[in-house]
Every structure is written in structure tokens, then in C-alpha cells.
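Report on one structure; see the data block that follows.
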Amino acid sequence: MEIEFTKYHGLGNDFILIDNRSKSAPLITSEQAVQWCDRNFGIGADGVIFALPGLEGTDYSMRIFNADGSEPEMCGNGIRCLAQFLADLEGITGSTEYRIHTLAGVITPKLEGNGKVRVNMGMPQLLASQIPTTLAQADQKVIDVPLEVGGKSWQLTCVSMGNPHCITYVEDVSAIPLELIGPQFEHHSVFPKRTNTEFIQVIRPDYIKMRVWERGAGATLACGTGACASVVAGVLTGKCDRICTVELPGGCLDIEWSEIDQRIYMTGPAQRVFTGSFRQG
Ligand code: ZDP
């Protein structure tokens, strides 16, 4: 059977999008997603995203498999790509907004009509039980807490954007041996659902540089939820402004933690790359 797909990327964080609007179950399994994401034996991507029928009064639902087949609750760059994919399917070129059901609640991406998508990412969750992590008691926040990883002590701040993140500040992000240290954070026993890890170099309070090791996907070129979580962590530790640009290996995202509604707003691009079909089985 041939299944149609379209490749999109948000700052080089790339996804295979599947038009799954006529069925509530994903058209491919998580095992097939692993094969599709393989950069040598498949199409190549950081994840597979399904545009599913809406649930609970929303326009559509999103589900995503990471490249390793695990299913995250949310995906910031992915939801911008999903919004652009839906607009492309519906032939919409102007500005439009969608209400998307995700495993992290209802998220509302808005296409601004200029190639950028602004997403209301909701409120960050900060309690240890919500991350989840055992780095503090269940009802406590994890702000600037030490953890030993790879024979070195790191100061960590933890934020959930629906999915788990731990953030640490470093002098020089380019000097971090991501491939070596990333997996040790991801699989550390203090993170029962594993974690995404962001290494941050503060250039100015309104401009930070980030490198990320993603749960289930490794060293990606960008991570939208990670950029949001990093600005929240920066505000909590007094290092960042509430309006901050995050520079990732793939480009910049504009993040705002609104003082008015306490929601996080992320603005960035989503680009279509190509369409194809994959012969399954
Ligand atoms: O939480 C996880 O397992 C992540 N790998 C999900 C993907 C996050 C993403 N990179 C983002 O931009 O938020 C898509």
C-alpha cells in the first residue's frame, strides 16, 4: 500500500506529515514511523506527525511519533508545521487560526500570512510531579538544582511544556559534547519519562543561544517546546526577559511569556519541502 506524505521543517527540525483527517487512528504504526524517519533506510525526519480529526470541539488533533517510535505529548516546531500543512491542504494562503487537540491540551497555532506561525503554547507546568522528576518533592519547583551527570555537577531548572525539559546554563554552547552527554541526561533515573535537555548560553537577557538533546530524537537543529521552556527557566532564574529571542542551530524563534495571561507565545517559520509516497510492506 502506498501512503502519501509531505515533508516540512521548522528551522531544520524536520517532520513527515500525514493527512489522517478521515480516520481517528494513525495510518502508520510507531514501528513504521521509526523506519520512515531513518535517514538512510527511510525518508529521514525527526518525527512523524498525523493530522487527525478534531476531538472535544477542536478543529483537528495532532499526534506525533519521535524518530525512536516513542510518543511525546507535544511538539512546538511540529505544531507550526501541522498548521501550515492544514492550510496547504485547505488551500488557505491568508492568516488563519486552528484549535488543535494534543496530549498536552488544546494548542492554538495562528498562521500570520507571512510564512510565520504564532502559537499559544499554553502555561508551563513547574512542579516536580508535573515534569516529572524526582529532583525535588512532588509539589516543589525545580529551580537551579544540582545534578551530577557524566562526572560533572550541573545546575538544572525543570519545565514542562506538556513534555519534559531540563535546562542548564553554560559559558559556551559550542563546547558541549552533546552526543556524549545528551543521552546521559535523557536516561537519567531522576527523569522517569526521560527528558529533553537544553544547554543555554545567555548572550543578552533578550537573546540566548541554545543547543538541544531531544528525548527520542537526539541532537536536532531546533526544538520549539525547548525554546519556550528555556525562556521560562531564564525568567525563573533571573537570566532572561519575558520577551526573548532564542537562537538554535537551525535559526531563531521569538518567545514571549505573557505577563497578562501567563501563556507562552512562540513565533517562527514552517516550511514545506516535498511531497511523496511511501510503499509500506
Ligand atoms: O518531548 C519529546 O519527546 C520531543 N522529542 C518532542 C518533539 C519536540 C519538538 N522538537 C519541538 O519542537 O517541540 C518537536
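Keep in mind it's a predicted model, so treat the numbers as computed, not measured. Just follow the structure's listing: the first ligand is 1, and inside any ligand the first atom is 1. We number each residue from 1, following the sequence as shown.
The Met74 neighbourhood of ligand 1 comprises atoms 6 (C), with distances under 4.0 Å to a heavy atom of that residue. Heavy-atom contacts of Asn13 reach the following atoms of ligand 1: 9 (C), 10 (N), 12 (O), 14 (C) (cutoff under 4.0 Å). Numbered from 1 in the order shown, with element, the atoms of ligand 1 that lie under 4.0 Å from a heavy atom of Thr225 read 8 (C), 11 (C), 12 (O), 13 (O).
Only the side chain of Asn163 comes within 4.0 Å of ligand 1, counting heavy atoms alone; its backbone N, CA, C and O stay farther away. Heavy atoms of Asn66 found under 4.0 angstrom from ligand 1 belong exclusively to the side chain. Here Asp46 has no heavy atoms under 4.0 Å from ligand 1, in either its backbone or its side chain. Neither the backbone nor the side chain of Ala217 has a heavy atom within less than 4.0 Å of ligand 1.
Other residues, nucleotides and ligands contribute more than 12 heavy atoms inside 6.0 Å of the CZ atom of Phe274. Atom CG of Leu127 sits in a crowded spot, with more than 12 heavy atoms from other residues, nucleotides or ligands closer than 6.0 Å.
Nearest protein heavy-atom contact of atom 9 (C) of ligand 1 is Cys75 SG, 3.6 Å. Regarding atom 3 (O) of ligand 1, its nearest protein heavy-atom neighbour is Arg215 NE, 2.8 Å. Among all protein heavy atoms, the one lying closest to atom 12 (O) of ligand 1 is Gly224 N, 2.6 Å. The closest protein non-hydrogen atom to atom 8 (C) of ligand 1 is Glu214 OE1, 3.6 Å. Nearest protein heavy-atom contact of atom 4 (C) of ligand 1 is Asn196 OD1, 3.4 Å.
Between the side chain of Asn20 and the backbone N or O of Leu27, at least one donor-acceptor pair lies under 3.5 Å. Remark: the backbone N or O of Glu256 is not paired with any side-chain donor or acceptor of Asp254 at under 3.5 angstrom. A donor-acceptor distance shorter than 3.5 angstrom exists from the side chain of Ser258 to the backbone of Ile260, with no hydrogens or angles considered.
When only interatomic distances are considered, the shortest N/O to N/O separation between Pro164 and ligand 1 does not fall below 3.5 Å. Residue-to-ligand polar distances keep Gly226 apart from ligand 1: every N/O pair is separated by 3.5 Å or more.
Using cut-offs of 30° and 60° for the angle between ring planes, the Tyr8 and Phe85 rings count as perpendicular.
Heavy-atom distances between His165 and ligand 1 stay at or above 4.0 Å for every pair.
At a cut-off of 3.5 Å, with distance as the only test, no side-chain donor of Tyr169 or Gln155 sits close to an acceptor on the other residue.
Salt-bridge check for Asp14 with Arg39: passed, with a basic side-chain N closer than 4.0 Å to an acidic carboxylate O.
With rounding to the nearest 0.5 Å, the separation of CG in Asp261 from CE in Met123 is 7.0 Å.
A centroid separation of 6.0 Å or more is found between the aromatic rings of Phe65 and Trp36.
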